[in-house]
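Just so it is clear, the values below take in all heavy atoms, side chains as well, and ignore hydrogens, waters and symmetry mates.
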Amino acid sequence: MTSPSSGEAVAKPASSGLAWLLEQRVLLSIAVLAVLPWLLPSQALAVNVLIYGVVVMGYNLLFGYTGLLSFGQAAFFGAGAYFTGIAIGRYGMPWFAAVPIAVLLSTCLAAAIGMVSTRTRGIYFSMVTLALAQLVYYVALQASSFTGGENGLRGFTVDRISLFGFQVNFLDPVNKYYVLMAFAALAMWFQSRILNSPFGAVIEAIRENEQRARACGYDVERSKLIVFMLSGAISSLGGCMLALHLSIVPLDLLHYQTSGMIVMMVLLGGARSFFGPFVGAASFLILEDVISLWTPHWQIFVGAIFVLFVLFLPKGIWGTMLDALGIGKARP
């Protein structure tokens with residue numbers, strides 16, 4: 001028979017290895033992203049995966065970790081891009097000032113939307129976020145003097161970035177990728193700090209049982225509003241990255257179809273997993289890139305694949321891989 005002491009000795013390495021993965025998940029994620037341009041067919045695709053991965057990561061904080069299904073995440077994605085473009089193109093701000101201002105303003109927008117939507121629950125919450133996000137879309141459409149209306153925001157370009165006294169050619173695809181990866185690394189570190197904090201435990205308690213969390217003394221409404229704001233802030237950073245990347249801001253960023261795409265990405269990669277958003281963004285964009293070469297109706301095939309994933313791989317690609325390795329509960 002195996003003694004309890006020997007059983008503990010066997011279980012300990014797995015436990016310590018899992019703890020190490022959780023502690024180093026930011027560094028491991030950065031290491032994977034660092035080689036991504038050389039793994040994908042094009043560096044432009046790698047940049048898009050990076051941008052949408054940050055946006056989906058912000059949404060995963062709201063949906064995966066807190067259990068709030070929002071259909072309005074495009075409002076913060078687009079707001080970050082618009083605020084960045086307006087700050088640079090209209091007011092002549094440098095990029096390092098435009099980005100934090102855009103994130104701050106987008107967080108204020110998330111607070112305004114969150115104060116209304118977090119008063120509701122379930123499908124009502126989803127519908128309210130959808131309605132308010134569409135309101136943001138129509139405001140941007142009508143305020144054409146600031147946003148460019150249907151044509152989108154144009155007239156700003158970031159061709160060089162100063163970093164610690166060095167001038168970096170931002171038009172070079174490789175330089176652009178690694179500059180934007182610094183933003184993604186910051187977002188991952190920030191979200192990891194949130195999840196490892198007592199507040200991270202609170203939002204997961206809300207996801208598991210909101211009534212029990214309230215009975216335990218947690219301020220559920222206030223916590224949901226805070227996580228809504230944090231989610232909007234992270235997703236808006238992805239919008240800032242897109243504005244710097246494209247030097248234009250299309251109006252479609254604010255459309256509800258973009259919100260639907262974000263939901264698909266988080267489910268493809270695996271909700272409630274740290275690296276899942278990047279896996280989901282890469283899967284969706286690669287499918288779009290490949291299938292669109294064969295047919296202009298690529299959405300039909302991507303939609304069918306998405307339905308198959310929901311039916312047979314409900315934990316997504318990354319979540320299923322973690323379960324297969326026996327570390328699914330921790331979700332690194």
Side-chain angles (χ1 to χ4, degrees), residues 51-52 54-63 66 68-91 93 95 97-120 124-149 152-153 156 183 186-187 190-191 194 203 221-244 248-263 266:
I51 293 170
Y52 280 94
V54 171
V55 177
V56 177
M57 184 171 62
Y59 180 69
N60 191 35
L61 183 65
L62 183 67
F63 172 62
T66 316
L68 299 177
L69 176 60
S70 168
F71 290 145
Q73 202 71 10
F76 315 122
F77 181 26
Y82 270 108
F83 287 137
T84 301
I86 291 172
I88 295 174
R90 189 177 183 87
Y91 296 103
M93 291 185 181
W95 68 272
V99 170
I101 289 175
V103 172
L104 178 60
L105 292 174
S106 301
T107 305
C108 293
L109 175 64
I113 294 177
M115 282 189 289
V116 177
S117 57
T118 54
R119 295 175 180 271
T120 60
Y124 302 104
F125 172 83
S126 303
M127 292 298 101
V128 169
T129 56
L130 174 61
L132 293 176
Q134 282 303 101
L135 178 61
V136 174
Y137 172 86
Y138 284 111
V139 169
L141 178 63
Q142 296 301 320
S144 56
S145 59
F146 280 92
T147 64
L153 182 64
F156 67 96
F183 290 104
L186 177 63
F190 180 62
Q191 179 156 312
I194 294 171
I203 62 175
E221 284 69 27
R222 180 171 173 268
S223 298
K224 289 198 293 185
L225 176 59
I226 292 174
V227 78
F228 197 94
M229 294 169 60
L230 293 172
S231 172
I234 295 173
S235 291
S236 71
L237 180 61
C240 300
M241 295 163 63
L242 185 74
L244 296 177
I248 62 170
V249 181
L251 182 64
D252 288 347
L253 284 187
L254 293 169
H255 200 266
Y256 66 85
Q257 290 181 346
T258 304
S259 294
M261 182 176 66
I262 293 171
V263 175
V266 76

Q: Measure across Gln134 and Tyr256 and return the closest heavy-atom pair with its distance rounded to 0.1 Å.
A: OE1-N, 3.2 Å

Q: My understanding is that only residues two or more places apart in sequence, or in another chain, count here; which of them pass ring pair (Phe, Tyr, Trp, His ring centres under 6.0 Å) with Phe125?
A: none

Q: Roughly how far, to the nearest 0.5 Å, is OG1 of Thr118 from CD1 of Ile113?
A: 11.5 Å

Q: I need the full list of side chain to side chain donor-acceptor pair (under 3.5 Å) pairs touching residues 234-243, with sequence neighbours left out, sorted by first then second residue.
A: Gln73-Ser235

Q: More than 12 foreign heavy atoms under 6.0 Å from CZ of Phe183: is that the case here?
A: yes

Q: So which atom in Ile248 and which in Phe156 form the shortest heavy-atom distance, rounded to 0.1 Å?
A: N-CZ, 3.7 Å

Q: Listed by chain and number, what are the side-chain contact (heavy atoms from CB on, under 4.5 Å) partners of Ile226, not counting sequence neighbours?
A: Phe199, Arg222, Leu230

Q: Mind listing the closest non-hydrogen atom pair of Ser117 and Thr129 along with its distance?
A: CB-CG2, 3.7 Å

Q: For Tyr82, check ring pair (Phe, Tyr, Trp, His ring centres under 6.0 Å) against everything at least two apart and list the hits.
A: none

Q: Which residues pass the side-chain hydrogen bond (donor to acceptor under 3.5 Å, both in side chains) test with Glu221, sequence neighbours left out?
A: Arg214

Q: So, using side-chain contact (heavy atoms from CB on, under 4.5 Å) as the criterion, who are the partners of Val263 when residues are at least two apart?
A: Tyr59, Phe71, Leu267

Q: Could you name each residue pair satisfying salt bridge (Lys or Arg N to Asp or Glu O under 4.0 Å) that touches residues 224-235, not counting sequence neighbours?
A: Glu210-Lys224

Q: I need the minimum non-hydrogen distance between Val55 and Gly238, along with the two atoms involved.
A: CG2-CA, 3.7 Å

Q: Do the side chain of Thr84 and the main chain of Ala102 share a donor and acceptor less than 3.5 angstrom apart?
A: no

Q: So, Thr258 side chain and Leu254 main chain: donor-acceptor pair closer than 3.5 Å or not?
A: no

Q: Kindly write out the residues that satisfy side-chain contact (heavy atoms from CB on, under 4.5 Å) with Ser259, not counting sequence neighbours, or none if the list is empty.
A: Ala74

Q: So, taking the atom named CZ in Phe77 and the one named CE in Met241, what distance separates them when rounded to the nearest 0.5 Å?
A: 9.5 Å

Q: With sequence neighbours excluded, tell me which residues meet side-chain contact (heavy atoms from CB on, under 4.5 Å) with Ile101.
A: Met93, Leu105

Q: For the CG atom of Leu242 and the CG atom of Leu237, what is their distance to the nearest 0.5 Å?
A: 11.5 Å

Q: Taking all non-hydrogen atoms of both residues, which atom of Ile88 and which atom of Ala98 are closest, and how far apart?
A: CG1-CB, 3.6 Å

Q: Taking atom CH2 of Trp95 and atom SG of Cys240, what is their separation to the nearest 0.5 Å?
A: 11.0 Å

Q: Ile234 and Met57: side-chain contact (heavy atoms from CB on, under 4.5 Å), yes or no, with the steps?
A: CA-CA 7 Å; Ile234 295 173; Met57 184 171 62; 4.1 Å; yes

Q: Suppose we screen for ring pair (Phe, Tyr, Trp, His ring centres under 6.0 Å). Which residues come up paired with Phe228, at least two apart in sequence or across chains?
A: Phe76

Q: Would you compute the distance between atom CD1 of Ile262 and atom CG of Asn60 and round it to the nearest 0.5 angstrom?
A: 12.0 Å

Q: Is any side-chain heavy atom of Thr147 closer than 4.5 Å to a side-chain heavy atom of Leu153?
A: no

Q: Is the backbone of Ser70 close enough, under 3.5 Å, to the side chain of Ser126 for a donor and an acceptor to pair up by distance?
A: no

Q: Considering all heavy atoms of both residues, which atom of Gly58 and which atom of Ser231 are nearest to each other, and what is their separation?
A: O-OG, 2.6 Å

